[in-house]
Amino acid sequence: MDSENTPPSPTRLRVLAAARACFSRDGFHGASMKNICKASEISPGTLYHHFPSKEALVEAIIEEDQLRAFSRFAQDKPDSDLVETIVNNLLAVREEDRAQRALVVEIMAEGMRNPLVAEMLDRKHQAIMAMIESRLRQAQQQGAVAADLDLPATSSLLLSLTYGILADTATGSALSETQRRRALSAMINGVLRPVG
């Protein structure tokens, strides 16, 4: 694995892009290391030098996805409207490439069968939950959300909502972008700022 301060090599990035495409198209079990070598135009020796197993590839993909989630919240200014930020992030997830969304769902399904992948996903889940919880705590201290809000439960609920949106395959939905934004805003406001 590359150190945190060293940018990933072009070969590593090419392999990860090929693995994403193969896993998304063929599933975790259907995609072979041979197919990933062919798609990334490298030899098996080079592939195994960077990634000794499919699980190592999945771990790197999970880490990339975690960094992408962090970057969405990193763009959030401390004084910005938290509900709007959350809604924007949810809608951005919905607009992601279908292959990327399919890959996330595929990896989540593999995590239900494979304890090693489940452990990787749990680490990602806990890291993202901690980030959301920290942002909610900050908003709570500013009086922007309810003082008695259960931060761990709310963080988990928001992350579950994100996963639900990722798995949503209703491309012909009758909801307009405005309706979707309005409904999500009302729902999240209801969770973060309950009345009574």
Side-chain angles (χ1 to χ4, degrees), residues 1-2 4 7-42 47 50-51 53-76 85-114 116-132 135 155-173 175-177 180-181 184 188:
M1 176 149 201
D2 295 325
E4 287 184 31
S9 71
T11 301
R12 182 179 171 88
L13 293 174
R14 194 166 78 236
V15 170
L16 282 173
R20 281 181 178 277
C22 291
F23 288 150
S24 176
R25 183 187 63 235
D26 303 325
F28 183 78
H29 294 285
S32 69
M33 294 296 263
K34 180 179 176 181
N35 291 344
I36 294 167
C37 285
K38 185 176 178 181
S40 57
E41 300 177 340
I42 61 168
L47 174 62
H50 289 281
F51 301 98
S53 65
K54 278 191 200 179
E55 284 83 2
L57 281 163
V58 169
E59 184 171 27
I61 289 168
I62 289 170
E63 288 171 359
E64 282 183 340
D65 291 348
Q66 178 179 318
L67 289 174
R68 193 169 61 251
F70 284 173
S71 73
R72 284 198 179 109
F73 269 90
Q75 296 166 11
D76 177 29
T85 297
I86 292 169
V87 170
N88 287 341
N89 287 345
L90 289 169
L91 292 175
V93 164
R94 189 175 189 285
E95 295 305 316
E96 280 188 350
D97 173 87
R98 279 181 76 81
Q100 166 61 24
R101 290 170 59 194
L103 176 60
V104 172
V105 173
E106 175 68 27
I107 291 172
M108 288 170 56
E110 182 59 24
M112 293 181 174
R113 297 181 290 263
N114 182 328
L116 187 59
V117 175
E119 187 180 316
M120 294 174 201
L121 287 170
D122 185 58
R123 282 195 305 268
K124 172 188 169 188
H125 183 86
Q126 295 304 322
I128 293 173
M129 286 263 298
M131 178 194 59
I132 295 170
R135 182 59 180 93
S155 300
S156 181
L157 175 68
L158 291 171
L159 191 52
S160 294
L161 180 59
T162 304
Y163 290 142
I165 287 173
L166 270 167
D168 181 13
T169 59
T171 54
S173 174
L175 289 179
S176 70
E177 179 76 11
R180 188 170 280 110
R181 180 175 291 279
L184 281 169
I188 293 166

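Starting from 1, each residue takes its place in the sequence as its number.
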- Task: Starting at CZ of Arg135, measure out to OG1 of Thr85 and round the result to the nearest 0.5 Å.
- Result: 6.0 Å
- Approximate separation, where rounding is to 0.5 Å, of Met129 CE and Asp122 CG: 9.5 Å
- Please round to the nearest 0.5 Å and tell me the distance separating atom CD of Glu59 and atom CG of Leu121. 10.5 Å
- Query: Do the side chains of Lys34 and Lys38 get nearer than 4.5 Å, heavy atoms only?
  - Reply: no
- Query: Under the salt bridge (Lys or Arg N to Asp or Glu O under 4.0 Å) criterion, do Lys54 and Glu110 qualify, and how do the steps go?
  - Reply: CA-CA 12 Å; Lys54 278 191 200 179; Glu110 182 59 24; over 6 Å; no
- Message: Are Asp65 and Arg20 packed together at the side-chain level, in the sense that at least one heavy-atom pair is separated by less than 4.5 angstrom?
- Response: yes
- Query: So, are Glu119 and Arg123 salt-bridged, with charged N and O less than 4.0 Å apart?
  - Reply: yes
- Message: Looking at Glu41, I want to see if its CD is surrounded by more than 12 non-hydrogen atoms of other residues, nucleotides or ligands under 6.0 Å.
- Response: no
- Message: Tell me the closest heavy-atom pair linking Gly111 and Ala118, and the distance in Å.
- Response: O-CB, 3.1 Å
- Message: Is there a side-chain contact between Leu161 and Leu184 in this structure, where contact means two heavy atoms from C-beta onward sitting under 4.5 Å apart?
- Response: yes
- Query: Is the shortest heavy-atom distance from the side chain of Val105 to the side chain of Tyr163 under 4.5 Å?
  - Reply: no
- Task: Could you tell me which non-hydrogen atom of Arg101 sits nearest to which non-hydrogen atom of Val93, and how far apart they are?
- Result: CD-O, 3.7 Å
- Query: Which value, rounded to the nearest 0.5 Å, describes the distance between Leu116 atom CG and Ser53 atom OG?
  - Reply: 7.5 Å
- Test side-chain contact (heavy atoms from CB on, under 4.5 Å) applied to Ile107 and Met120, step by step: CA-CA 10 Å; Ile107 291 172; Met120 294 174 201; over 6 Å; no
- Message: Tell me the closest heavy-atom pair linking Gly30 and Asn35, and the distance in Å.
- Response: O-ND2, 4.2 Å
- Message: Strictly distance-based, threshold 3.5 Å: is any side-chain N or O of Arg94 a donor or acceptor partner for the main-chain N or O of Ile165?
- Response: no
- Item | Non-hydrogen side-chain atoms of His50 and Ile42 separated by less than 4.5 Å | no
- Compare every heavy atom of Ser24 with every heavy atom of Leu103, then report the nearest pair and how far apart it is. CD1-N, 4.1 Å
- Query: Tell me, do Ile36 and Phe51 make a side-chain contact under 4.5 Å, heavy atoms counted?
  - Reply: no
- Query: Less than 4.5 Å apart, any side-chain heavy atom of Val117 and any of Met108?
  - Reply: no
- Under a 4.5 Å cut-off applied to non-hydrogen side-chain atoms, are Leu90 and Arg180 in contact? no
- Message: So does Phe28 get a backbone contact from the side chain of Glu106, meaning a donor-acceptor N/O pair under 3.5 Å?
- Response: yes
- Query: What distance separates Ile61 CD1 from Leu16 CG, expressed to the nearest 0.5 Å?
  - Reply: 6.0 Å
- Please report the shortest heavy-atom distance between Ala127 and Gln66, naming the atom on each side. CB-NE2, 3.5 Å
- Enter the distance from Ser156:OG to Ile132:CD1 here, rounded to the nearest 0.5 Å. 9.0 Å
